[in-house]
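First comes the structure, then the notes that go with it.
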Amino acid sequence: MEVDRRGESEESGDDDTRRKSINGDVDPNQPTATIKEESPVDMDTITLDPEEEDVDLVHCRIGKIEGLEVLQKAKTLSLRQNLIKKIENLESLSSLRELDLYDNQIRKLENLSHLKELEVLDVSFNILRKVENMEELTKLKKLFVVHNKVTAISNLDHLTELEMLELGSNRIRVIENLDALSSLQSLFLGTNKITKLQNLDSLHNLTVLSIQSNRITKIEGLQNLVNLKELYLSHNGIEVIEGLENNKKLTTLDVAANRVKKIENISHLTELQEFWMNDNQVDNWSDLDELKNAKSLETVYLERNPLQKDPQYRRKIMLALPSVRQIDATFIRF
């Protein structure tokens with residue numbers, strides 16, 4: 001589920017200073033309140049410990065990365081929720097394994113070539129339009145670029161060790177340029193503008209695929225993802241459950257909030273543990289027979305389907321699927 005996380009780089013003026021008339025409109029006879037922006041601090045005012053391996057500089061109002069040369073032993077550096085506009089002056093931190101720049105004002109990925117040991121990079125909630133300049137980060141395992149303005153998946157060919165790629169909440173329209181990422185295990189592309197499941201054939205090690213809240217109308221292109229365990233396709237325009245013949249290891253299937261009228265073509269998914277089907281158009285109780293081979297099925301979401309209008313809704317699910325322990329958001333009591 002998408003979480004609204006507002007940046008903390010700005011503060012509004014105190015509400016008490018906003019003069020309003022009785023009807024709620026601004027009183028023209030009172031001075032207009034101004035919005036106060038947080039001003040950046042000088043790095044000289046921040047004490048750094050040369051012996052520290054895990055450096056935490058969260059929400060310190062840092063405006064410029066500088067003066068970090070003393071952190072020769074740093075393995076992780078968190079600069080979350082600051083006022084940083086540019087990635088710079090990190091050349092001396094050659095031992096860094098994790099760099100967290102979440103929630104800043106960065107417009108470009110740059111000056112990272114010296115961080116050859118980096119394994120985790122988080123640049124979520126910035127103003128990036130492109131993924132670029134990471135050719136030297138060949139040891140990177142996790143890359144988070146959530147909630148930026150990225151329009152295309154590109155410039156990732158050198159990240160052959162990448163295991164997790166998170167590109168949710170951007171402006172991506174096409175799944176592409178992933179062929180070199182054979183080590184990828186988790187791919188998150190939720191809340192973009194993707195219209196088709198494609199170009200995933202090389203991702204043989206993928207176990208988690210999330211493409212929620214896009215514009216997909218057909219389940220396809222997953223035949224080579226034989227190790228896939230979790231598939232999240234909610235909030236799209238899918239009408240038929242299909243194309244999962246080779247995905248026999250699926251333990252979680254989420255097709256909630258689509259346009260599906262029938263539960264079908266999943267009787268072979270015997271390892272299924274969670275099935276999310278709420279907010280669709282299923283109206284036939286016999287459709288539950290498709291789930292009877294999943295002996296470990298524990299969670300089923302079917303609310304807001306026509307089936308839910310049945311007064312015996314929960315009882316019928318329990319009788320049809322005796323292994324289930326949770327129906328919608330409520331656990332079954334025994």
Side-chain angles (χ1 to χ4, degrees), residues 53 55 64-66 68-69 71-80 82 84-189 192 194 198-210 224:
E53 292 189 359
V55 182
K64 183 177 182 180
I65 302 174
E66 58 185 345
L68 302 181
E69 293 80 10
L71 302 176
Q72 294 296 307
K73 296 184 178 181
K75 297 289 178 59
T76 67
L77 172 60
S78 179
L79 290 162
R80 280 190 166 218
N82 281 289
I84 298 166
K85 291 182 168 61
K86 184 177 182 179
I87 302 174
E88 58 187 335
N89 301 320
L90 295 172
E91 292 82 4
S92 61
L93 306 185
S94 57
S95 297
L96 212 58
R97 299 288 196 279
E98 297 186 21
L99 176 59
D100 191 343
L101 292 163
Y102 177 108
D103 195 3
N104 279 280
Q105 301 166 16
I106 298 166
R107 293 182 177 274
K108 185 177 182 180
L109 278 174
E110 58 187 335
N111 301 320
L112 295 167
S113 59
H114 291 80
L115 306 181
K116 299 182 188 299
E117 300 299 318
L118 204 64
E119 296 179 357
V120 180
L121 175 61
D122 192 341
V123 286
S124 299
F125 286 81
N126 279 282
I127 323 172
L128 300 170
R129 295 184 180 275
K130 187 185 296 185
V131 178
E132 59 186 337
N133 299 322
M134 294 194 297
E135 289 80 7
E136 304 297 325
L137 306 185
T138 55
K139 293 187 178 181
L140 203 65
K141 293 183 178 180
K142 296 181 180 180
L143 176 60
F144 301 87
V145 198
V146 183
H147 209 290
N148 279 274
K149 298 181 179 182
V150 176
T151 57
I153 303 173
S154 59
N155 303 316
L156 299 174
D157 290 351
H158 295 82
L159 307 183
T160 55
E161 298 297 315
L162 203 64
E163 297 175 357
M164 175 183 287
L165 177 58
E166 168 61 279
L167 287 166
S169 297
N170 279 285
R171 301 174 180 180
I172 298 167
R173 294 181 179 274
V174 179
I175 302 174
E176 59 186 342
N177 300 321
L178 296 173
D179 293 344
L181 307 185
S182 57
S183 298
L184 203 64
Q185 297 175 14
S186 301
L187 176 60
F188 298 90
L189 293 167
N192 277 284
I194 298 167
Q198 60 184 342
N199 300 322
L200 296 166
D201 291 345
S202 64
L203 306 182
H204 302 290
N205 291 309
L206 204 67
T207 59
V208 180
L209 176 60
S210 176
N224 281 18

Are Leu121 and Lys142 packed together at the side-chain level, in the sense that at least one heavy-atom pair is separated by less than 4.5 angstrom? no
Heavy-atom pair with the smallest gap, counting every atom of Asn148 and Val123: ND2-O, 3.1 Å
Separation of Leu162 CG from Ser182 OG (nearest 0.5 Å): 10.5 Å
Side-chain heavy-atom pair Leu200, Asn224 within 4.5 angstrom cut-off: no
In Å and rounded to the nearest 0.5 Å, what is the CG to CG distance from Leu99 to Leu93? 8.5 Å
Whether the side chain of Asn205 engages the backbone of Gln185 through a donor-acceptor N/O pair (distance < 3.5 Å, no angle test) should be reported. no
Relative to each other, are the rings of Phe125 and Tyr102 parallel, tilted or perpendicular (30° and 60° limits)? tilted
Out of Asn199, Leu187, Asp157, which one pairs with Leu178 under the side-chain contact (heavy atoms from CB on, under 4.5 Å) rule? Leu187
Would you give the length of the straight line joining atom CD of Gln72 to atom CG of Leu96, rounded to the nearest 0.5 angstrom? 11.0 Å
Less than 4.5 Å apart, any side-chain heavy atom of Arg171 and any of Arg129? yes
For the pair Ser210 (side chain) and Phe188 (backbone), establish whether a donor and an acceptor sit closer than 3.5 Å, ignoring hydrogens and angles. no
Point-to-point distance, once rounded to the nearest 0.5 Å, from CG of Asn111 to CG of Asn89: 8.0 Å
Just do the side-chain contact (heavy atoms from CB on, under 4.5 Å) check on Lys108 and Glu132 with the steps written out, would you? CA-CA 8 Å; Lys108 185 177 182 180; Glu132 59 186 337; 3.4 Å; yes
Pairwise distance CG(Leu128) to CG(Asn170) - rounded to 0.5 angstrom: 8.5 Å
If only atom types and distance count, is the side chain of Ser124 paired as donor or acceptor with the main-chain N or O of Val146 below 3.5 Å? yes
How long is the straight-line distance from NZ of Lys86 back to CD of Gln105, given to the nearest 0.5 Å? 15.0 Å
Can you tell if the side chain of Leu156 reaches within under 4.5 Å of the side chain of Asn177, non-hydrogen atoms only? no
Backbone N/O of Val131 and side chain of Asn155: donor-acceptor pair under 3.5 Å: yes
Side chain to side chain, Ile84 and Ile65, heavy atoms closer than 4.5 Å: yes
Closer than 3.5 angstrom, by distance alone: can the side chain of Ser78 be matched with the main-chain N or O of Asp100 as a donor-acceptor pair? no
Short question: side chain of Glu166, backbone of Gly168 - any donor-acceptor pair under 3.5 Å? yes
Pairs in or reaching into residues 110-125: which pass salt bridge (Lys or Arg N to Asp or Glu O under 4.0 Å), with residues at least two apart or in two chains? Arg80-Asp122, Lys116-Glu136, Glu117-Lys139
Would you find a donor on one side and an acceptor on the other, under 3.5 Å apart, between the side chain of Asn192 and the backbone of Leu167? yes
Check whether any side-chain heavy atom of Leu90 sits under 4.5 Å from a side-chain heavy atom of Leu77, and report yes or no. yes
Kindly check if the number of other-residue, nucleotide or ligand heavy atoms within 6.0 Å of CZ (Arg107) is above 12? no
Below 4.5 Å, heavy atoms only, C-beta onward: do Val174 and Ile194 meet side chain to side chain? no
Is the shortest heavy-atom distance from the side chain of Leu112 to the side chain of Asn133 under 4.5 Å? no
Only one of Lys141, Met134, Glu135 passes side-chain contact (heavy atoms from CB on, under 4.5 Å) with Leu159; say which it is. Met134
